[in-house]
Each structure stands twice: as structure tokens, then as C-alpha cells.
> 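Got a structure here, written out as C-alpha cells. Questions coming.
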Amino acid sequence: MDLQLSPQHLAFREEVRGWLAANADRPWREVLRGSTATEDSLIEARRVWQRKLHGAGYLGMDWPAEWGGRGGGPVEQAILETELIEADAPPILNTLGIGLLGPALIHHGSEEQRRRFIPPMLAAEEIWCQGFSEPGSGSDLASLKASAVLDGDDFILNGQKVWTTFGPWADWIFVLARTDGKDRYGGISFILCKLDTPGITVRPLRQITGESEFGEVFFEDARVPRTNLVGEIGEGWRIAMTVLAYERGAISFTQAVQYGRDLGRLATACKEIGRTGSAVREKLGRLLVENEVMRANGIRTLANFADGKAPGAESSIEKVYWSEFDQRFRETALDLLGPGGQLVRTSPEARDDCDWARQFLWSRAETIFSGSSEVQRNIIAKRVLKLPQDPR
Amino acid sequence: MRFELSEDQALLRSSTRDFCQRELPIDKTRVVMEQSKDGYEPGMWRSFADMGYLGLLLPESVGGQVLGAIELAVVMEEMGRVCVPGPYLDAVLAASVLATAGGHEQLLAEIVSGRKLVVLARDDSPYRGNRAEPTRFSDGRVRGTKYFVPFGARADALLVVTSDGLVLVDAPGNMTALETMDQGQRFVAVALDHPATFVGPLSLLERIDQIGAVGAAAMLLGVMDRTLEITLDYVRTREAFGRPIGAFQVLQHRMADMLLRAESSRSAVYRGAWCCDTRVVETALACASAKAYAGDAARYVCGQAIQLHGGIGFTWELDLHFFFKRAKTLEQRYGATEAQLENALAAAGY
């Protein structure tokens, strides 16, 4: 057992720290609160930051060298992410392109597709959104109905996608569409669509935070060239599942850094406003302990990655743990901060340490997206505990 | 980086699992816990010595194994799986204090070989509802009342925590048995007005308390692991409404939560143990977190194990209650949850 970062990883961390010290801009939380901040200006700031990271070789680090990769793995990725959190750097803009589509193209795309799509994705010239969920297909994703029918050299797409993160400002969407109505899994294909294609309409959806980060996308006889098919017809489900595995990574490790930072700010805030009683301290103590246990889960995953072990269904345990912990944390934060914790970030009276109200609301999304807590528990019961399955 | 145990540590795990299954199966332990006045089998102590368990953390000069908290966690986890009764962790911790203090070579050699038992006497007695009075040491005598001394009736000497430091006192009389619900953990109250020798300052306890927290959390982990196994076996075979009850989603989700708590405890326990051995700055926080979390987690897992068994889970006949009771005892001892939360807050500077 050795839970220390290796000398090479420590050297990489030093390199990232040095680069951030020279290149990081204003803390992101200050930018968010700025009087001139608009949704568009924040997107622009994220685009600029992504280009900076790309220029320094910090995007797609575990990709092949010709796409900007540098032979790194999940450990380097986790180190980079924790340092970005510590520096309070902006998030990149093309999260879904780089997080999901990039790996899909590298593993399943054609050489032509990689050359066409990866460079503008990395440079934030083309922003991607993900078209998986539908109004009638959430947790039961494989029941999706959006159809793609081959007509000569084109697919004709019909149907609707929803909860499409980044939909309102994306240029492209990667879609799971049904190419065979009879084959539940084998009838799904993975298709890339330009959002200004005639027949495609994007409508923003307002979230409980007030933001319109996601939207819905309608397809009405939209014609998309067959060359935009990734992999073969009917391979879409398999591609989506391997790609979703990339979403996981050593997430508890990086989340524990972020929550640890916010927890420290909450503890300071409690002192400032005079909430130091034993009931308050017990709540803080429990959050602290739960976050340390999450950090231990993250260290374990990271060490297993470094040891060459790919995470299996246990990653479901991590997803349930961190998402449900964050809800307890944000709820408790609002309890401890009193009504002031509910102020929106642009209010002059709001605390400038963290956007407590927004994080409280946002935490409700975490137990739903990327496999709800209920789906994750089903996975644990089936794949880890190997419990008998009820006929469904 | 590597989370897996080293080859030697993995060997220690398999030999300890074999030893526990052979020498300490729960059927045998059940009889010992029900019938022995000691709550454990003192004769087993020689086997513990032969396996090297009693000197696990001690230097070679007294016959110890010079191993660390990871190895202790491995042994404690395996002992938790069969709910081993007796003062094992208490003996290890008391011996570590003596070894750190220096001297005591003769006594330590006797502890390592299983000929003598020394345990820590910590809690000041709120005996019969009175407010606790601190135990004092002056003029070569220790005075006060200690409460919940583990296996004090079998101890050859007590390492007594006083407000003037740690002192060693030969097995005193005046002991009152404190019978608790856990038949495998026996306690006494002891009134002290005895000659004693000074061992060292209270600061000796700092590191021992961290190791004790990790050791207890590791036993809680073993308790959870085994309890979950027993429950999984049961729900796969027990049928209701024409199917194994393990096929019901409501029970599956409960067991997913039990696994989440057990596995998260495993991460926390071994991280805590690794921190103790590596002596990194986050050791205090990691150990406090492991103990506080595992205590809550084991109460949940053992309680749900009884729930998922239904009526049979509430019977003396089934083994579950031994695990359930041990979980509660361990939650309260080696730094109770409340104290560990304070330790964690202090370590984080909150």
C-alpha cells in the first residue's frame, strides 16, 4: 500500500502549479460576481480559458500525441483538476466535447472524423452538446425513439432530445438515434449533427437555478450526411457506454478538494457570524468527516488507476456517495448561514466566498444526471452484490 | 501509488483468516461468551503470542514484530469478521504506550509472549451518578476511581491515565464487574489508592489514540463485511411471494447502501492506517474520520442486517446480535464519535 503520489506525479503537479501561478486569471468566483458579467461574457471567458489550457497542452491529456495528448492518464487528469480547483480557474467551455465525444472519436471514429472534428473541439471553435435523453427516455435510455432513416447518402432524423446541456450555445450535437425499431440495443446509432441544419430547432430550458444551461432539441426531417455516423450502424449503444465510463474518472478525489475548500469557507463564515455552538459544530464535524471519507474513496480509486486497475461497477458507489454528500453539505450550509445563504450571487449583500444558494439548488441535479441514484443502486445490486434479478 | 496490500500484508491477512476460522469460529466464541466468566478464553492468549499478534507494533528487542498500523488494521479486520472477544486491541495499545515511554523491557517481553496482560484504565468514574472526579498521582500513589476498565479482572497491571500523567499499577483489588450487553467485552470499575510508578506524560497517548481509532475502525469494518455477507446469503435463499427476497428492489437498495458504507469505511480505515505509518500531516484528520464514520456505518449495517432477516434476526440463536452489540461497543470506545468529531474539527482548524 502506497497512497503517496509518485515522484513523476509530484513533478507534474509542480509543473501545473507553476503554469497556473503565471497564467491563471482572476478567481472565477469574482468574475461570476462582476457587475458586467452576462451569460455571453462568461461563455467568452470560458472559451478564452480553454484555449489557454489547450495551448499549454492540458486538454485531452490521455489522448494520442497528435491530438494534443501527452501520454498522461487518470492520475495526471485528477492532479490537473484539483490544481484548477485550488486556483479557482474558470471551467472550460467544451466540457462534453472533450469529456465524451473526443474519446468516442479516438476509439470509434474514422481518421477523417478525427481530423475534421477534434482540432476545432479543442480550440473551442465548435462547441458540442450531448443528445442522449428524451422526454420519454431518461433512466431507461435504451427505450429512446428519435429515429434516423437512411436515404441515399443521408440520414433523415426525427424526434426530440431533452436536458441537452450546452444546447443553447452549442454548434454541434452528438445524438443517439434509432436505426432499427426492433433491436433495443443494437438498433441505436451514434450520429453527429450540425445544429443549424434545416429541420433542427433548439429551445433553451430554464433550470431551477434560473440559468438556461440546458435545452431541448427538435428534429423534423433533418438531413444529415451518412459520413457523420460514428462507428457502424447499430454500434451507438456500445459507443455510448464506453464513453460514459470516461465521465467517471477519479471524481471523488477532485470533488473532495472542492468540497474541502468550500467547507473551510463555511467554517470561517460560521465563526464570522457567531454561529459557534455545539449543534453547529457537530454539523460541521459530520460534513468534515464525510468529506474525508470521500477523499479516502478518491485516493483509493486514484491508486487503483495508478496500479493499472480500471474501475468497474464500484464507480457507482462513488457516484452515489459524492452526489448525496453534496446535497447534505449544501443543505447544511444554508441551515448554518441563515437567510443570508439564500441571497443570489449578484446581490450586493451576498457573501463573496461561495455562491451558496446556487450550489444548494444545483446539488439537486447531481443525483439525477449521469445515472440517477436509483439507477446506480440497481447497478450495485446487480453487478457488485450479484443479487437475484426480478423479471422486469 | 497502490491501494492493494503488499505481499507480506496479504499473507498476514490470509494466515489471520485461517487462524480465526480454525481457532476462533463464532460457534466456539458463542459458547465462550455465554459461559466464561472472563468473556474470552485466556488460554488463547498463547496462540495469539505464537502468531505474533501481541507484539505486532513492538520493537524486536522485546520480541515484537516491528509492524505498523496497516498490519494492525488487517488483523483487527479479520478478528472483526468472527467477532473475536477479549482485550486484544487494549493489550496492543497499552504495550505500545509502555514501549514508547521506554524501559519496561521485562514487562513488555512478558506481554509479547502472552504471559501478562496490561490494559489502559482511562475513564474517570461517574460512579453511582456522582460527577467524575479526576484520578491523581502524588507521593507514589494513584488515587481515584476508574470506570469501564476493559478486562480489568484478568489484568496483571493497569496503565492508569491520571491528570498527572500515566502510571503503572499492579493488579489492584477492589474491582466491581460492570456487566454490559456485549458478552465479549467485559469491564470493571476499580477504586484506586495504591502504590504506582510513573510511566510518562499524557502526550504519549496522542499517537496511540490514533492507532487505537484505526484499529477499532478496522474491526468495525470486519464486522460490517461479515454481517453483509450473512445477509446476502440469507436474502438469496429466503423466499417470499414466490421469489428470493433479494430480488426485491427495496431490499436491494438497502444492501447497496450497506455496501457503500462498508466499502467507504474500508477506504477510510486503510488510508488512516497508511497515514499513521507514514506520519503525514493529515494523520489526525484521517484517523478521526475513519473512526467516526465506521462507527456510524457499522451501526447502520448491523441494524439493517437484523431488519432484513426479520424475526429470526432478533433471536439469540442467530449470530447477528453479537456483531450488532460489538458494533455499538466499538462505536463508544477508542474515541467515541462525538470525541472524534471534535478531533477532526481541531485537526482541520475549524
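Lettering follows sequence order; numbering is per chain, from 1.
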> Does any donor atom in the side chain of A:N378 or B:Q252 lie under 3.5 Å from an acceptor atom in the other side chain?
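No, B:Q252 and A:N378 have no side-chain donor paired with an acceptor closer than 3.5 Å.
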> Once you round to the nearest 0.5 Å, how far does CG of A:L288 lie from CG of B:L345?
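A:L288 atom CG to B:L345 atom CG measures 6.0 Å (nearest 0.5 Å).
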> Just so I know, are the side chains of A:S6 and B:M1 near enough to count as touching, which here means a heavy-atom distance under 4.5 Å?
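Answer no - side chains too far apart.
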> Output yes when B:E282 and A:R295 qualify as a salt bridge under the 4.0 Å nitrogen-oxygen rule, no when they do not.
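So B:E282 does not pair with A:R295 through a salt bridge.
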> Taking atom CZ of B:F324 as the centre, report whether more than 12 heavy atoms of other residues, nucleotides or ligands fall under 6.0 Å from it.
no
> Can you tell me how far the CG atom of B:L341 sits from the OG atom of A:S278, to the nearest 0.5 Å?
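Answer for the CG-OG pair, B:L341 versus A:S278, is 11.5 Å.
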> Heavy-atom pairs under 4.5 Å with chain B are the metric here; pick the option from A:A306, A:A303, A:G285, A:A267 that has the most.
A:A303
> Just give me the residue among B:L285, B:I245, B:I70, B:L5 that pairs up with chain A most often, heavy atom to heavy atom, under 4.5 Å.
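If we count pairs closer than 4.5 Å to chain A, B:L285 comes out on top.
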> More than 12 heavy atoms of other residues, nucleotides or ligands under 6.0 Å from CD of B:E206: is that the case?
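No, the 6.0 Å shell around CD holds no more than 12 heavy atoms from other groups.
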> So A:V384 and B:M255, side-chain contact (heavy atoms from CB on, under 4.5 Å) or not? Walk me through it.
CA-CA 11 Å; A:V384 186; B:M255 285 179 280; over 6 Å; no
> According to the ring pair (Phe, Tyr, Trp, His ring centres under 6.0 Å) rule, which pairs have a member within residues 247-299 of chain B, sequence neighbours left out?
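The answer is none; no pair qualifies.
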> Between A:N297 and B:S264, what is the shortest heavy-atom contact and its length?
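Looks like ND2-OG, 3.1 Å.
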> What do you reckon, is CZ of A:R184 surrounded by more than 12 foreign heavy atoms closer than 6.0 Å?
yes
> In terms of heavy-atom contacts, does CD of A:E14 have more than 12 from other residues, nucleotides or ligands at under 6.0 Å?
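Yes, the 6.0 Å shell around CD holds more than 12 heavy atoms from other groups.
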> Is any side-chain heavy atom of B:L260 closer than 4.5 Å to a side-chain heavy atom of A:I380?
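Heavy-atom side-chain distance check fails, nothing below 4.5 Å.
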> If we define contacts as heavy-atom pairs under 4.5 Å, which of B:D257, B:V269, B:T278 has the most with chain A?
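Among B:D257, B:V269, B:T278, the one with the most close pairs to chain A is B:D257.
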> How long is the gap from CD on B:Q249 to NZ on A:K382, to the nearest 0.5 Å?
12.0 Å
> So which residue, A:L263, A:T268, A:L284, ends up with the most heavy-atom pairs under 4.5 Å with chain B?
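With the most close heavy-atom pairs to chain B, the winner is A:L263.
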> For the backbone of A:G264 and the side chain of B:Y350, can you confirm whether one donor and one acceptor N or O come within less than 3.5 Å of each other?
yes
> So what's closer than 4.5 Å to chain B heavy atoms on A:L266: side chain, backbone, both or neither?
neither
> Got a second to check how far A:I317's CD1 is from B:L259's CG, nearest 0.5 Å?
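One gets 4.0 Å once the value is rounded to the nearest 0.5 Å.
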> Once you round to the nearest 0.5 Å, how far does CD of B:E4 lie from CG of A:D307?
6.5 Å
> Which atoms of B:A344 come close to chain A, meaning under 4.5 Å heavy atom to heavy atom: side chain ones, backbone ones, both, or neither?
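Both parts, heavy atoms under 4.5 Å.
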> Which atoms form the tightest heavy-atom contact between A:V293 and B:A268, and what is the distance?
CG2-CB, 4.0 Å
> Between A:D2 and B:R2, is there a side-chain N and carboxylate O pair less than 4.0 Å apart?
no
> Distance check, rounded to the nearest 0.5 Å: B:S267 atom OG versus A:E318 atom CD?
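If we round to the nearest 0.5 Å, B:S267:OG and A:E318:CD are 8.0 Å apart.
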> Below 4.5 Å from any heavy atom of chain A, which atoms of B:D296 appear? Answer side chain, backbone, both or neither.
side chain
> Side chain from CB out, backbone as N, CA, C, O: work out which of these in A:E314 comes under 4.5 Å of a heavy atom of chain B, or both, or neither.
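For A:E314, there is no contact with chain B at all, as no heavy atom is under 4.5 Å.
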> Would you call B:Q340 and A:V289 a side-chain contact if the rule is heavy atoms closer than 4.5 Å?
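A side-chain contact is absent here, since even the closest heavy-atom pair is not under 4.5 Å.
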> Please confirm whether the backbone N or O of B:E263 pairs with a side-chain atom of A:R300, one donor and one acceptor, at under 3.5 Å?
yes
> Which bit of B:E342 is near chain A, if near means a heavy-atom gap under 4.5 Å: side chain, backbone, both or neither?
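Answer is side chain: those atoms of B:E342 sit under 4.5 Å from chain A.
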> Mind checking what makes ring pair (Phe, Tyr, Trp, His ring centres under 6.0 Å) contact with B:Y300, not counting sequence neighbours?
none
